[in-house]
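Right, one structure below, let's go through it.
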Amino acid sequence: MVLSPEDGRLFYKLFLPLLVYVDETYKMHKDLPRMAWNGALDMKEVKEIANRLWDDVSLLDNYVAEQRDMSQEEKDILLSWKGRIRGKFVLLRHLQRGSVFISEEKEVYQVLGIQSSWEELFPEETLLVFMEATLLPFRDVIISDGVVIPRPVRIPESVKEECRSIYLAARKSKTMRRTL
């Protein structure tokens, strides 16, 4: 499952200029603004900039304070990203309403794609996937910032079983997080 087309566009409308702001603040990659607008982003560079943002979420306050033409709803969405969850996750399975991510702390999250579903990116036969990701609140759901790093590793059967058990326990106890 993915965001609505309107929400997908809104996410990128908010996120790409924010990355440009972070990049310009730290003078990291001088070509980022040009690459952002013509769709030729280098994901390694984007990850570096996103990491800088998530390391210092006070940048969100500074950025929002400078925005004069942004709606209050857009500002609220950006500021909600201070509640991001960063870390290593296992992508366990795909559900009709999102995909199941399990954190190192054994928290279970239901995560939507932005414009492509997680199932399109990681088909069922490729699961379990270990990845570094940043989960973000977006209105009443959870998404990622779109900059994930899958880690190809061979997963022992015992880990697969543990992940399944964690998911089933969260489902049974209704503790799978659908919002942040």
Set out, in order, the CA-CA distance, both residues' side-chain angles and the distance that settles ring-ring contact (aromatic ring centres under 6.0 Å, His included) for Trp81 and Tyr63, then state yes or no. CA-CA 12 Å; Trp81 294 350; Tyr63 177 71; 9.6 Å; no

Student check: side-chain heavy atoms of Pro150 and Phe130 closer than 4.5 Å: no

Side chain to side chain contact (heavy atoms under 4.5 Å, CB included) between Ile149 and Arg151, worked out: CA-CA 6 Å; Ile149 300 174; Arg151 300 288 184 202; 3.5 Å; yes

Got Trp118 and Leu112 here, is their nearest side-chain heavy-atom distance under 4.5 Å? no

Anything under 3.5 Å between a donor and an acceptor, one on a side chain of residues 86-93, the other on a protein residue two or more places apart or in another chain? List them.
unit_1	atom_1	unit_2	atom_2	d
Arg86	NH1	Asp55	OD1	2.4
Arg86	NH2	Asn51	OD1	3.3

Minimal non-hydrogen separation, Leu3 against Gly8, with atom names: CB-N, 3.9 Å

Without swapping roles, check the side chain of His94 against the backbone of Glu120 for a donor-acceptor pair under 3.5 Å. no

Please report the interatomic distance CE(Met131) to CZ(Phe122), rounded to the nearest 0.5 Å. 4.0 Å

Treat each ILVMFWY residue as a node, draw an edge where side-chain heavy atoms are under 4.5 Å apart, and state whether Leu19 and Met70 are in one component. yes

Say you draw a straight line from OG of Ser165 to NZ of Lys106; how long is it, rounded to the nearest 0.5 Å? 10.0 Å

Can you confirm whether the side chains of Asn62 and Glu66 place a donor and an acceptor under 3.5 Å from each other? no

When rounded to the nearest 0.5 angstrom, what is the spacing between CD1 in Ile143 and OG1 in Thr134? 11.0 Å

Decide whether Asp145 and Trp54 meet the rule of one side-chain donor and one side-chain acceptor closer than 3.5 Å. yes

Which value, rounded to the nearest 0.5 Å, describes the distance between Ile85 atom CD1 and Glu105 atom CD? 8.5 Å

Looking at Gln96, I'd like to know if its CD atom is crowded, meaning that more than 12 non-hydrogen atoms belonging to other residues, nucleotides or ligands lie closer than 6.0 Å. no

Closest non-hydrogen contact found for Leu136 with Leu180 is C-CD1, 3.7 Å

I would like to know whether Leu59 and Asp56 meet side chain to side chain contact (heavy atoms under 4.5 Å, CB included); could you show each step before the answer? CA-CA 6 Å; Leu59 290 162; Asp56 181 9; 4.0 Å; yes

To the closest 0.5 Å, what do you measure between CZ (Arg9) and CG (Leu14)? 13.0 Å

Would a hydrophobic clustering, with Ile, Leu, Val, Met, Phe, Trp and Tyr connected at side-chain separations under 4.5 Å, put Val159 with Leu127? no

Is Phe15 linked to Val111 within one hydrophobic cluster, defined over Ile, Leu, Val, Met, Phe, Trp and Tyr using a side-chain heavy-atom separation of less than 4.5 Å? no

I'd like to know if Lys82 pairs up with Asp61 as an ion pair, taking the criterion as any Lys NZ or Arg NE/NH1/NH2 lying under 4.0 Å from an Asp or Glu carboxylate oxygen. yes

Side chain to side chain contact (heavy atoms under 4.5 Å, CB included) assessment of Ile142 paired with Arg178: CA-CA 6 Å; Ile142 301 171; Arg178 293 175 173 87; 5.5 Å; no

Salt-bridge contact Lys47-Glu132 (side-chain N to carboxylate O under 4.0 Å): no

Less than 4.5 Å apart, any side-chain heavy atom of Glu74 and any of Leu10? yes

Same cluster or not: Met1 versus Leu135, using hydrophobic residues (I, L, V, M, F, W, Y) connected whenever any side-chain heavy atoms lie under 4.5 Å apart? no

If you group Ile, Leu, Val, Met, Phe, Trp and Tyr by side-chain heavy-atom gaps below 4.5 Å, do Leu79 and Tyr12 land in one group? yes

Kindly indicate, with the supporting measurements, whether the criterion side chain to side chain contact (heavy atoms under 4.5 Å, CB included) is fulfilled by Ile166 and Glu107. CA-CA 8 Å; Ile166 292 167; Glu107 292 286 328; over 6 Å; no

Using a 4.5 Å cut-off on heavy atoms from C-beta on, say whether the side chain of Leu18 contacts that of Leu60. yes

Point-to-point distance, once rounded to the nearest 0.5 Å, from CG of Asp76 to CZ of Arg139: 10.5 Å

Do the side chains of Val100 and Tyr109 get nearer than 4.5 Å, heavy atoms only? no

Any side-chain donor-acceptor pair under 3.5 Å between Glu119 and Ser117? no

Note, Ser80 side chain near Phe138 side chain (heavy atom, < 4.5 Å): no

Contact summary for Thr175 and Ser173, nearest pair of heavy atoms: OG1-OG, 2.9 Å

